[in-house]
Amino acid sequence: MRPILMKGHERPLTFLKYNRDGDLLFSCAKDHTPTVWFADNGERLGTYRGHNGAVWCCDVSRDSKRLITASADQTAKLWDVQKGAELFTFKFDSPAKSVDLGVGDKLVVITTDPFMGLPSAIHVKRISGDPSEQSDESVLTIKGPQGRINRAVWGPLNRTIISAGEDAVVRIWDSETGKLLLESDKETGHKKTITSLAKSSDGSHFLTGSLDKSAKLWDIRSLELIKTYKTERPVNAVTLSPVLDHVVLGGGQDASSVTTTDHRAGKFEAKFYHKILEEEIGGVKGHFGPINALAFNPDGKSFSSGGEDGYVRLHHFDQDYFNIRI
Amino acid sequence: MAIDTVSMEDIIASASRLGINLNDVNLDSISLPSAQDFGIKSDDEDLNEEDSLEFEGGFGNIIVVDNLPVVPREKFEKLEGVVRKIYSQIGVIKDDGLWMPVDPATQKTLGYCFIEYNTPQEGELAKEKTNGYKLDRAHIFAVNMFDEIEKFMKVPDEWAPPETKPYTPGENLQHWLTDEKARDQFVIRAGSDTEVLWNDARQLKADPVYKRNFWTESYVQWSPLGTYLATVHRQGAAVWGGASTFNRLMRYAHPQVKLIDFSPGEKYLVTYSSHEPSNPRDTHKVVLNIFDVRTGKIMRDFKGSADDFAIGGSGGFAGVSWPVFRWGGGKDDKYFARMGKNVISVYETETFTLIDKKSIKVENVMDFSWSPTDPIFALFVPELGGGNQPARVSLIQIPGKEELRQKNLFSVSDCKMYWQSNGDYLAVKVDRYTKTKKSTYTGFELFRIKERDIPIEVLELENKNDKIIAFAWEPKGHRFAVIHGDNPRPDISFYSMRSGTNTGRVSKLTTLKGKQANALFWSPGGRFIILAGLKGLNGQLEFYNVDDLETMATAEHFMATDIEWDPTGRYVATAVTSVHEMENGFNIWSFHGKLLYRIMKDHFFQFLWRPRPPSFLSPEKEEEIAKNLKKYSKKYEAEDQDVSLLLSEQEREKRKKLKEEWEMWVSQWKKWHDEEKMERQKLRDGEASDEEEEYEAKEVEVEELLEVTEEVLSSDYGQE
């Protein structure tokens, strides 16, 4: 398996997202321009210029026509995927951290960081079919959790919102009323900041990665803890294979404390675990900084990782990978 | 902390009852009478508990001197002068700090006085120094701390026979040795947890025995025979042990104890603490106690300034080199010794006094080292008088203090002594100056202790200028290994104290060239050795068989900081302790270098195998077993096979269960997913939601005009 190195960002990667067809890969980084690539050969298609701060997260509509990005410049922007044109800007009073489009692409959940005395918040906005009718109005705003909310995604049928962040607690909210429905247990749950959250392809369960050096698999409806994957490094990024029972964890020693003696010290591998047996299967080396973003191609035949080192590495699996027997 | 707090409503209620308008009261202006807490405990209570003696206001600095002469008024001042003279030598008596009460009826003194010092330490010292002081024949001082008087007052006047407690048989403290699977235990410290585990190498895991949070305040240590686990606390040390779990067996009070050390036969425990001086210019005060491990009784205590216990005479470093007391005479714990300036003080444990009541005078002694088995020690004296007096290494036998052997050495810069574990051989590594005195080279003096007249052999390496990085004797054996040469790829040589035909000659076995190693770890059973590259060398490990002179395996435990063989020599633990931030935890290897299992623990501090007492088998019996090993091992091989079968069976079971569990989840999810299908479809404006249905392979032919270029082709036809 020879990875394709995609060098287009000047600063650390923050997020990766495939479109539903799996032919496009969107990447966000701390430089201000989200980029779109051909998911097959890693060719750069274009960039989305307009943000004035680090871009933390993005999501793409089911029909691959709209892209929404969340940025530290206190905005979330809606883009025309094909033309790269900016369609609308949602303005906030604090940096936007994550975005997720609901089923049907008519609703979006955006989280904002605590900033200048403002608490962190989860905002629900309506996306109108015609960009000229787009309004800035929030349908719902949820406040409450302490610290940054690193990720918020929609639950089944857009009825709930799942959030996770610096307080290490996973919460499920009612997306109509904003009421807190479920909260993960302090005992069995994560002990440190949850950095990442990824849903399974059918949206029935999700995986969270945390700086407590573990990743956990939860039921999306009951918030029951199903599996725990223990690793040796803080987890910054997680993803699930859509076809096999594999999960991938990425991370590594915090960039500020990385030693200069040996690249192995940092543990910058992407680690594959068996989803059911919770056992490590293998690892993919290559980055020379912590892995900040991971994404599986919806066809399950390739995955990409984005690192603190500014590279996106696109890996197409060898046939051997599909023959692994445990 | 349970506190009866008064609720705000109660306050308002009682305020209105008393006719007070709370709004008029400036709450900040109320100050509570001092020393009154109204039942509310202060948050910084624990601050007060610590070092309560340090407070000037306490009575810790007052001593009571009893058995003074009873004098009439006229002689009062004279007596006061005498007492003041004696006690102001020891410390500074406070102004008005000397008070001699007078009987109002007779106008005579009462025969005692109180003296108040500036610090409790001075009070302690005064008590120590003058208790039993003979002023004259009739007046022998009895000095006590004022704080203790109360304790003495409580002693009943009538003697009552103490209750005899019925005998309760103690637990079998060596129960762990009777483990059916002959496993070994180890203790680890990670975070605030201290945990004892079995090394279950067959099952490839560690089996927990006992775990406790905040078991110790600094570190833990096994006693040398493995009977006890010692913990260190602010108030003192404690030992733990027992048949099935770890109970506290004994406590040893020693405030602010820092270091502990067992005697080799684990009869005695030495504890050490160092205390800040009251005057910053003074040196630290150190206190050493020697306890009987079983009874907890203090056998002897030593107090003094840190300088008295600093070893080596060279000075330059604060604190002491531990252990201060080195135990000699093997497992009988008969002697212990410490080095002072120009002396070596040897004590014996029957009376805990110096042998012959005096120390052995050795001018400028630099270092000494006991034989691990016999009451013999070797000492090293450096060159004196600019080379006029040669350096020397001597062997001294105790209790007679005879010098068994002496060797003079010339132009020596430094010496290091290494005893073989049976006390058969002593190797002295000698660093000598070259003729120009600009550099040094190294040789070895090898003493054969057990042979007549103790012959000495000189060994020099083939390349004399090689630096010696490490030296290690084979435990119970006759071989040693040396790492020599220049980093980062030094050579490793193995020598034997016997050569093929002659048992009295040292011979080289082999040299391994260019190894990444800086430390040697022999198996406790000998024969096998790990050549390790720790610290800068990232944890390279080479498992080497010295009998066959071959490498069994090479491996790496990245960043490893510590290596420890289990007491049987079957397994090795390599650990990364919290000196590194990442990778903390330990690996367990078989003796031939197969990684058995690894456990990661954040903030990993300590890994210690539980030592085993020496075997009761005679050497002949051991040899017989070694000879018939096949017969004995058959039984264990069968057991091993059963275990591995069981293991794979269990594993299969487990996996099956996990798979079934997962299937359950999946089927449930599928059910939900199907139920919600219609709604999902609605949310998507009727677009079919499930992937498969709307996947339609459509072949689309797209013709894209990429570029149109026109080119004029010049034709030169027909132009001839």
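Quick note on labels: first sequence line is chain A, next is B, and so on, each numbered from 1. Every value quoted in this text rests on a predicted model; they were computed, and no experiment measured them.
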Query raised in the report: For B/R655 and A/H274, what are the C-alpha separation, side-chain angles and deciding distance, and is it a side chain to side chain contact (heavy atoms under 4.5 Å, CB included)?
Result: CA-CA 11 Å; B/R655 286 187 175 188; A/H274 195 277; over 6 Å; no

Could you tell me the separation between the [atom1] atom of [X] and the [atom2] atom of [Y], rounded to the nearest 0.5 Å?
X: A/D63; Y: B/R684; atom1: CG; atom2: CZ; result: 11.0 Å
X: A/D219; Y: B/W672; atom1: CG; atom2: CH2; result: 9.0 Å
X: B/M678; Y: A/L157; atom1: CE; atom2: CG; result: 12.0 Å

Requested in this report: Could you tell me which portion of B/E663 (side chain, backbone, both or neither) has an atom closer than 4.5 angstrom to a non-hydrogen atom of chain A?
Outcome: neither

Report task. Determine the option with the most heavy-atom pairs under 4.5 angstrom with chain B, choosing from A/K227, A/R221, A/E224, A/K275. Result -> A/R221

Query - Heavy-atom pair count under 4.5 Å with chain B, highest-scoring of A/G102, A/G203, A/S204 - result: A/S204

How about [X]: does its [atom1] atom have over 12 heavy atoms from other parts shown lying under 6.0 Å from it?
X: B/Q641; atom1: CD; answer: no
X: A/E176; atom1: CD; answer: no
X: A/K191; atom1: NZ; answer: yes
X: A/Q82; atom1: CD; answer: no
X: A/R126; atom1: CZ; answer: no
X: B/H592; atom1: NE2; answer: yes
X: B/K205; atom1: NZ; answer: yes
X: A/F38; atom1: CZ; answer: no

Query - Per-residue contact mode, A/K230 against chain B (heavy atom under 4.5 angstrom) - result: neither

Query raised in the report: Contact part of A/D245 toward chain B, heavy-atom cut-off under 4.5 Å: side chain, backbone, both or neither?
Result: side chain

Query raised in the report: Would a 4.5 Å heavy-atom cut-off, applied to side chains only, mark B/E676 and A/P156 as touching?
Result: yes

Report task. May I ask you to test the A/H205-B/W669 pair for a side-chain heavy-atom distance under 4.5 Å? Result -> yes

Query raised in the report: Between B/E679, B/K670, B/Q668, which has the largest tally of heavy atom pairs under 4.5 Å with chain A?
Result: B/E679

Query raised in the report: Can you name the closest pair of heavy atoms from B/L658 and A/L277 and give their distance?
Result: CD1-CD2, 3.8 Å

Requested in this report: Could you tell me whether B/D685 and A/K106 have a side-chain N and a carboxylate O separated by less than 4.0 Å?
Outcome: yes

Query raised in the report: Is the shortest distance from a Lys or Arg side-chain nitrogen in A/K213 or B/D602 to a carboxylate oxygen in the other one below 4.0 Å?
Result: yes

